[in-house]
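Start at 1 and go down the list; that is how both ligands and their atoms are numbered.
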Amino acid sequence: MYLIGLTGGIASGKSTVSKRLAEFGCPIIDADLIAREVVEPGKPAWRKIKETFGADVFFPDGQLDRKQLGEIVFSDENKRNQLNTITHREIAKVMILAILKCFASGCQFAVLDVPLLFETKRWLSVVSKVVVVTCDDQTQLDRLMNRDDFSIEEAQKRINVQMPLAEKCKRATHIIDNSKDIKYLNSQVNDLVKQFQKSYEQWKIRSVLLSGLGMFIFTSIYLYNTLVK
Ligand SMILES: CC(C)(COP(=O)(O)OP(=O)(O)OC[C@H]1O[C@@H](n2cnc3c(N)ncnc32)[C@H](O)[C@@H]1O)[C@@H](O)C(=O)NCCC(=O)NCCS
Ligand SMILES: Nc1ncnc2c1ncn2[C@@H]1O[C@H](COP(=O)(O)OP(=O)(O)OP(=O)(O)O)[C@@H](O)[C@H]1O
């Protein structure tokens with residue numbers, strides 16, 4: 001099995017791409033979904049957020065007030081770093097278990113959907129490909145404002161704290177241009193899946209050849225030591 005990193009900028013279309021990949025049966029390990037799980041009431045990250053940010057960022061039922069906490073951390077780098085320190089370790093633990101589960105199930109490849117793949121760097125050493133979902137700045141801003149009902153200021157603040165999309169594209173092995181309609185996006189995802197399946201077949205052939213070579217060398221050494229020496 002090999003791992004594929006999926007990233008982009010906020011509202012560039014990562015979730016839309018990962019939904020399409022899931023339709024092909026690709027296992028998706030979604031850091032954003034896991035980030036929501038680890039801050040559920042009573043969990044370690046929930047307690048640390050309460051200690052650090054106080055009761056103001058929670059609803060009476062104990063659920064995190066994501067909008068309130070978002071306004072705080074996307075306006076203050078130190079507070080954002082505090083939240084990252086609290087949550088990223090917990091997110092990583094869940095992701096590792098999810099990767100092991102995928103490996104055990106024998107799937108061909110798994111997709112790590114990580115918005116901050118390049119910012120946190122944590123997963124770059126384990127992914128063999130990085131897909132960046134990009135779009136032009138105005139489209140990104142418009143989609144974020146429409147989806148989350150943000151003012152232009154709130155949306156821009158969230159875009160500005162991440163590595164610029166152009167920079168992420170320079171580090172990508174594959175780029176999906178999501179500046180047009182969903183049909184255009186899906187045609188690129190379809191091609192990507194074909195490429196991944198081809199890479200997996202090539203990887204499988206290489207693995208069989210390498211293990212065969214390993215067996216040949218081991219057997220030759222064994223026979224030499226047993227019969228010749
Ligand atoms: C600040 C929070 C509460 C805001 O919640 P909200 O529901 O408004 O946003 P959501 O979690 O859906 O994230 C939306 C997008 O914001 C961006 N984003 C989220 N957290 C961060 C961060 N710490 N730094 C930069 N961008 C971020 C990502 O592009 C993400 O896809 C939430 O984003 C959070 O808990 N962030 C810390 C955990 C984290 O870093 N998640 C990203 C996983 S790689
Ligand atoms: N090609 C497209 N045409 C029109 N709308 C789109 C397109 N791609 C995505 N969208 C919409 O733009 C918004 C952002 O897309 P999406 O949620 O997939 O981005 P994301 O990168 O996962 O965001 P986040 O970083 O917040 O997780 C969503 O409302 C989505 O429906």
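Contacts of T120 with ligand 1, taken as heavy-atom pairs under 4.0 Å, are absent altogether. Within the 4.0 Å heavy-atom criterion, neither part of V39 lies near ligand 1. Only the side chain of R158 comes within 4.0 Å of ligand 1, counting heavy atoms alone; its backbone N, CA, C and O stay farther away. Heavy atoms of K67 found under 4.0 angstrom from ligand 1: none, in either backbone or side chain.
In this structure, Q140 contributes its side chain and I10 its backbone to a donor-acceptor pair below 3.5 Å. Checking side-chain atoms of E90 against main-chain N and O of P44 turns up no donor-acceptor pair under 3.5 Å. Using modelled atom types, no side-chain atom of D148 and backbone atom of F150 make a donor-acceptor pair closer than 3.5 Å. A donor-acceptor pair is defined here as one N or O able to donate and one able to accept, closer than 3.5 Å; such a pair exists between the side chain of R47 and the backbone of G42. Of the possible donor and acceptor atoms, one in the side chain of N160 sits under 3.5 Å from a partner among the backbone N and O of Q156. Not one N or O on the side chain of K180 forms a donor-acceptor pair closer than 3.5 Å with the backbone of L185. No donor-acceptor pair closer than 3.5 Å links the side chain of K43 to the backbone N or O of V38. Not one N or O on the side chain of T52 forms a donor-acceptor pair closer than 3.5 Å with the backbone of I49.
Residue-ligand proximity, F74 to ligand 1, at heavy-atom distances under 4.0 Å covers atoms 1 (C), 18 (N), 21 (C), 25 (C), 26 (N), 27 (C). Close approach to D32 involves these atoms of ligand 1, each under 4.0 Å from a residue heavy atom: 30 (C), 31 (O), 42 (C), 43 (C). When each atom of ligand 1 is checked for a heavy atom of V161 under 4.0 Å away, the hits are 25 (C). Close approach of ligand 1 to V73 (heavy-atom distance below 4.0 Å) involves ligand atoms 1 (C). Proximity to T87 (heavy-atom distance under 4.0 Å) selects the following atoms of ligand 1: 37 (C), 38 (C).
Here E119 pairs with K168 in a salt bridge; the nearest charged N to carboxylate O distance falls below 4.0 Å. Here E201 pairs with K204 in a salt bridge; the nearest charged N to carboxylate O distance falls below 4.0 Å. Ion pairing of E154 with K157 is present here, as a side-chain N (NZ or NE/NH1/NH2) and a carboxylate O approach within less than 4.0 Å.
Using cut-offs of 30° and 60° for the angle between ring planes, the F196 and Y2 rings count as perpendicular.
Residue, atom and distance of the protein heavy atom nearest to atom 12 (O) of ligand 1 are R36 NH2, 3.0 Å. Ranking the protein heavy atoms by distance from atom 39 (C) of ligand 1 puts H88 NE2, 3.6 Å first.
Between L117, L144, D65, L83, it is L83 that holds the heavy atom closest to atom 34 (C) of ligand 1. Nearest-heavy-atom check against atom 23 (N) of ligand 1 across L64, I72, D113, N84 picks out N84. Nearest to atom 22 (C) of ligand 1 by heavy-atom distance, out of L33, I10, V38, L116, is L116. Residue Q162 holds the heavy atom nearest to atom 26 (N) of ligand 1 of all those in K79, Q162, M95, R66.
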For each nitrogen or oxygen atom of ligand 2, which protein N/O atoms lie closer than 3.5 Å, and how far apart are they, rounded to 0.1 Å?
{"from": "ligand 2", "atom 1": "1 (N)", "to": "R143", "atom 2": "NH2", "distance (Å)": "3.4"}
{"from": "ligand 2", "atom 1": "1 (N)", "to": "N178", "atom 2": "OD1", "distance (Å)": "2.8"}
{"from": "ligand 2", "atom 1": "1 (N)", "to": "K180", "atom 2": "O", "distance (Å)": "3.0"}
{"from": "ligand 2", "atom 1": "3 (N)", "to": "R143", "atom 2": "NH2", "distance (Å)": "3.4"}
{"from": "ligand 2", "atom 1": "8 (N)", "to": "N178", "atom 2": "ND2", "distance (Å)": "3.0"}
{"from": "ligand 2", "atom 1": "17 (O)", "to": "R147", "atom 2": "NH1", "distance (Å)": "2.8"}
{"from": "ligand 2", "atom 1": "18 (O)", "to": "S15", "atom 2": "N", "distance (Å)": "3.4"}
{"from": "ligand 2", "atom 1": "18 (O)", "to": "T16", "atom 2": "N", "distance (Å)": "2.9"}
{"from": "ligand 2", "atom 1": "18 (O)", "to": "T16", "atom 2": "OG1", "distance (Å)": "2.6"}
{"from": "ligand 2", "atom 1": "19 (O)", "to": "G13", "atom 2": "N", "distance (Å)": "3.1"}
{"from": "ligand 2", "atom 1": "21 (O)", "to": "S12", "atom 2": "N", "distance (Å)": "3.3"}
{"from": "ligand 2", "atom 1": "21 (O)", "to": "G13", "atom 2": "N", "distance (Å)": "3.0"}
{"from": "ligand 2", "atom 1": "21 (O)", "to": "K14", "atom 2": "N", "distance (Å)": "2.9"}
{"from": "ligand 2", "atom 1": "21 (O)", "to": "K14", "atom 2": "NZ", "distance (Å)": "2.6"}
{"from": "ligand 2", "atom 1": "22 (O)", "to": "S15", "atom 2": "N", "distance (Å)": "2.8"}
{"from": "ligand 2", "atom 1": "22 (O)", "to": "S15", "atom 2": "OG", "distance (Å)": "2.6"}
{"from": "ligand 2", "atom 1": "23 (O)", "to": "A11", "atom 2": "N", "distance (Å)": "3.0"}
{"from": "ligand 2", "atom 1": "23 (O)", "to": "R147", "atom 2": "NH1", "distance (Å)": "3.0"}
{"from": "ligand 2", "atom 1": "25 (O)", "to": "A11", "atom 2": "N", "distance (Å)": "3.3"}
{"from": "ligand 2", "atom 1": "25 (O)", "to": "K14", "atom 2": "NZ", "distance (Å)": "2.7"}
{"from": "ligand 2", "atom 1": "26 (O)", "to": "R147", "atom 2": "NH1", "distance (Å)": "3.0"}
{"from": "ligand 2", "atom 1": "26 (O)", "to": "R147", "atom 2": "NH2", "distance (Å)": "2.7"}
{"from": "ligand 2", "atom 1": "27 (O)", "to": "D32", "atom 2": "OD2", "distance (Å)": "3.1"}

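Between E119 and ligand 1 there is no heavy-atom distance shorter than 4.0 Å.
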Could you pull out all donor-acceptor pairs under 3.5 Å where a side-chain atom in residues 170-177 meets a protein atom, sequence neighbours excluded?
{"from": "K170", "atom 1": "NZ", "to": "E167", "atom 2": "OE1", "distance (Å)": "3.3"}
{"from": "R171", "atom 1": "NE", "to": "E167", "atom 2": "OE2", "distance (Å)": "3.2"}
{"from": "R171", "atom 1": "NH2", "to": "E167", "atom 2": "OE2", "distance (Å)": "3.2"}
{"from": "T173", "atom 1": "OG1", "to": "V130", "atom 2": "N", "distance (Å)": "2.8"}
{"from": "T173", "atom 1": "OG1", "to": "V130", "atom 2": "O", "distance (Å)": "3.0"}
{"from": "H174", "atom 1": "NE2", "to": "Q195", "atom 2": "OE1", "distance (Å)": "3.2"}
{"from": "D177", "atom 1": "OD1", "to": "S179", "atom 2": "N", "distance (Å)": "2.9"}
{"from": "D177", "atom 1": "OD1", "to": "S179", "atom 2": "OG", "distance (Å)": "2.9"}

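V132 and Y184 fall into different hydrophobic clusters, where Ile, Leu, Val, Met, Phe, Trp and Tyr are joined by side-chain heavy atoms under 4.5 Å apart, directly or via other members.
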